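Take a look at the structure below.
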Number of protein chains: 2
Amino acid sequence: MATGRTHRPATRSRGIPEATVARLPLYLRALTALSERSVPTVSSEELAAAAGVNSAKLRKDFSYLGSYGTRGVGYDVEYLVYQISRELGLTQDWPVVIVGMGNLGAALANYGGFASRGFRIAALIDADAHLAGRLIAGLPVRHADELEDIVEDNQVSIGVITTPAGAAQEVCDRLVAAGVTSILNFAPTVLTVPDGVDVRKVDLSIELQILAFHEQRKAGEELSEAVDSVTPPVAAKTVRGGIKRPGSDGDLPAVMPA
Amino acid sequence: MATGRTHRPATRSRGIPEATVARLPLYLRALTALSERSVPTVSSEELAAAAGVNSAKLRKDFSYLGSYGTRGVGYDVEYLVYQISRELGLTQDWPVVIVGMGNLGAALANYGGFASRGFRIAALIDADAHLAGRLIAGLPVRHADELEDIVEDNQVSIGVITTPAGAAQEVCDRLVAAGVTSILNFAPTVLTVPDGVDVRKVDLSIELQILAFHEQRKAGEELSEAVDSVTPPVAAKTVRGGIKRPGSDGDLPAVMPA
DNA sequence: ATGTCTTTGTGAACGCGTGCACAAAGATGG
DNA sequence: CCATCTTTGTGCACGCGTTCACAAAGACAT
């Protein structure tokens with residue numbers, strides 16, 4: 001039933017584990033820094049430290065790409081940069097559209113990390129007609145009506161969604177229908193897509209909530225949570241004909257970015 | 001040696017698996033939506049569909065929190081919202097500072113998802129003196145000199161870093177020294193922190209690169225990569241006294257957000 | 001009170017990811 | 001050419017996370 005298979009499809013693509021793929025950009029960044037300092041070679045130990053991972057893990061990751069190291073010496077920095085770039089597809093040009101020109105969309109448009117990695121912003125799109133034509137990061141905002149044309153004309157295969165949550169699924173559907181097969185979703189919604197389309201999700205609120213959980217745990221270790229356990233709403237009990245619900249409704253309103 | 005243990009410490013906190021904690025905000029969002037529609041109860045199957053996960057996984061996740069369901073009926077929406085909120089620590093007030101008021105920092109400051117989930121922006125901080133005093137999202141930007149005072153005065157335990165990569169580690173060190181124990185890092189750098197401090201990383205560039213990898217794989221399935229395999233730089237070979245490196249240096253310059 | 005029917009909660013099996021530890025490879029020095 | 005020393009590449013074991021499948025629990029009807 002095409003349940004919006006977000007994050008980690010666990011499908012091992014061409015023998016390279018998903019976890020490894022997720023680390024390749026990390027290695028690439030560390031290697032690029034070394035390259036700029038004209039460091040010729042690097043050992044797995046050094047590179048692992050720079051990337052913040054275990055050295056054995058790094059060697060195993062690289063082993064999936066092939067034997068690019070030299071025993072007794074290490075890895076050739078330039079060569080590895082090239083191999084990883086190629087493996088990730090960064091030697092190609094990837095036209096990208098960003099839909100939703102709120103604060104976040106504008107931030108992404110200005111984000112330098114795109115262009116330098118082979119990602120070219122083909123267009124910025126927004127549903128607000130007032131924004132149409134305005135320049136953001138040197139590019140004119142196009143109206144949402146043009147979405148299909150833009151995607152098809154520019155052979156766009158990657159779409160970034162930074163719209164409010166309510167609009168995300170519709171935008172997603174239109175992108176997919178027009179030919180987009182990879183989506184980076186910043187809207188706090190579960191997107192449903194057909195098979196063959198990849199969705200990755202970035203959710204700022206979720207990250208903070210995870211931090212809050214650990215933070216609470218750290219704080220609650222000394223004082224064994226005496227404050228929070230005062231009168232928790234009584235557990236749901238059946239009363240013939242339904243379930244008694246403790247609180248009222250309308251807490252924690254759903255929110256959206258931008 | 002305190003290697004910047006980013007993401008997933010794999011430390012099972014109080015019996016609740018890390019993977020489960022990461023999904024709780026997802027369930028909470030789905031439940032909140034149901035709550036607003038005044039839906040009294042929901043089955044694991046329905047809620048799982050709304051959250052985009054497997055129903056068995058959802059039930060197991062909830063089982064770590066306790067037995068909050070009613071067999072034959074499902075889960076009480078309001079009660080579950082409360083329980084998850086409490087478990088995540090969202091019933092508390094979490095003062096947060098955002099350091100780095102570039103485009104991304106401003107976007108986060110305007111992001112509505114913070115305040116509504118118990119996260120209160122205690123201050124916006126930037127190193128640029130020209131920005132000091134300017135209002136962003138209704139809050140005045142404070143100068144970086146005040147960082148320590150702000151953190152201590154407001155009992156801030158969570159810090160968000162949206163500075164350029166070069167400044168991130170120093171900002172991180174200062175935040176930690178002042179008492180921050182959880183950091184959400186948007187700068188493309190590996191942060192090194194002492195034990196007891198949690199770091200979560202959000203990297204826009206990495207997400208896109210992962211998408212590109214899969215995209216390339218999809219595209220390369222029909223035409224078996226005839227274009228990209230033309231004359232790959234010859235593998236590194238030793239020539240007595242060093243390693244022959246194929247390309248020159250200076251490719252893919254390191255970049256930073258904002 | 002008893003039976004039926006729905007849905008939870010979980011035991012068990014499986015697969016992926018991680019990290020240890022070591023053998024093989026190759027560079028370097030004599 | 002041989003010995004030594006460094007560093008890679010990987011076999012193996014372990015633990016976490018996911019999923020299946022089912023027994024137990026409780027609602028609801030009679």
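As the structure is a computational prediction, the values presented were derived from the model and not from experiment. In what follows, chains carry the letters A, B, and so on, assigned in the order in which the sequence lines appear, proteins first and then strands, with residues in each chain numbered from 1.
- Under the 3.5 Å distance criterion, the side-chain polar atoms of A:Gln216 are matched with a main-chain donor or acceptor of B:Arg86.
- Within the structure, salt bridge (Lys or Arg N to Asp or Glu O under 4.0 Å) contacts touching residues 46-65 of chain B (residues at least two apart or in different chains) are B:Arg23-B:Asp61.
- Between the CG atom of B:Leu47 and the C1' atom of C:dT7 there is a distance of 14 Å, given to the nearest Å.
- Note on A:Ser44: a side-chain N or O is less than 4.0 Å away from OP1 or OP2 of D:dT8.
- The nearest whole Å value for the distance from the CG atom in B:Asp76 to the P atom in D:dG26 is 16 Å.
- Nearest-nucleotide positions on DNA chain C place A:Arg23 closer to the 5' end than the other of A:Gly72 and A:Arg23.
- To the nearest angstrom, P of D:dT10 lies 14 Å from CG of A:Leu58.
- To the nearest angstrom, P of C:dT7 lies 8 Å from CD of B:Glu46.
- A:Glu18 has its CD atom 16 Å from the C1' atom of C:dT18, to the nearest Å.
- For the atom pair CG of B:Leu208 and CZ of B:Phe213, the computed distance is 15.5 Å after rounding to the nearest 0.5 Å.
- Remark: the backbone N or O of B:Leu31 is not paired with any side-chain donor or acceptor of B:Ser35 at under 3.5 angstrom.
- Among residues two or more places apart in sequence or in another chain, the side-chain hydrogen bond (donor to acceptor under 3.5 Å, both in side chains) test is passed with A:Asp173 by A:Gln169.
- In this structure, the ring of A:Tyr68 has its center less than 6.0 angstrom from the ring center of A:Tyr79.
- Rounded to a whole Å, the CZ atom of A:Phe62 is 14 Å from the P atom of D:dT10.
- Side-chain N/O atoms of A:Asn54 include none lying less than 4.0 angstrom from OP1 or OP2 on C:dG17.
- In the set C:dA27, D:dC20, D:dG17, D:dG17 carries the atom at the smallest distance from any side-chain atom of B:Ala19.
- Note: OH (B:Tyr68) to P (C:dG9) measures 11 Å, nearest angstrom.
- The shortest non-hydrogen separation linking A:Ala48 to A:Ser55 is CB-CA, 3.5 Å.
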Can you check each nucleotide of nucleotides 10-15 of chain C against protein heavy atoms at under 4.0 Å and return B for base, S for sugar-phosphate only, - for none, in 5' to 3' order? BBB---
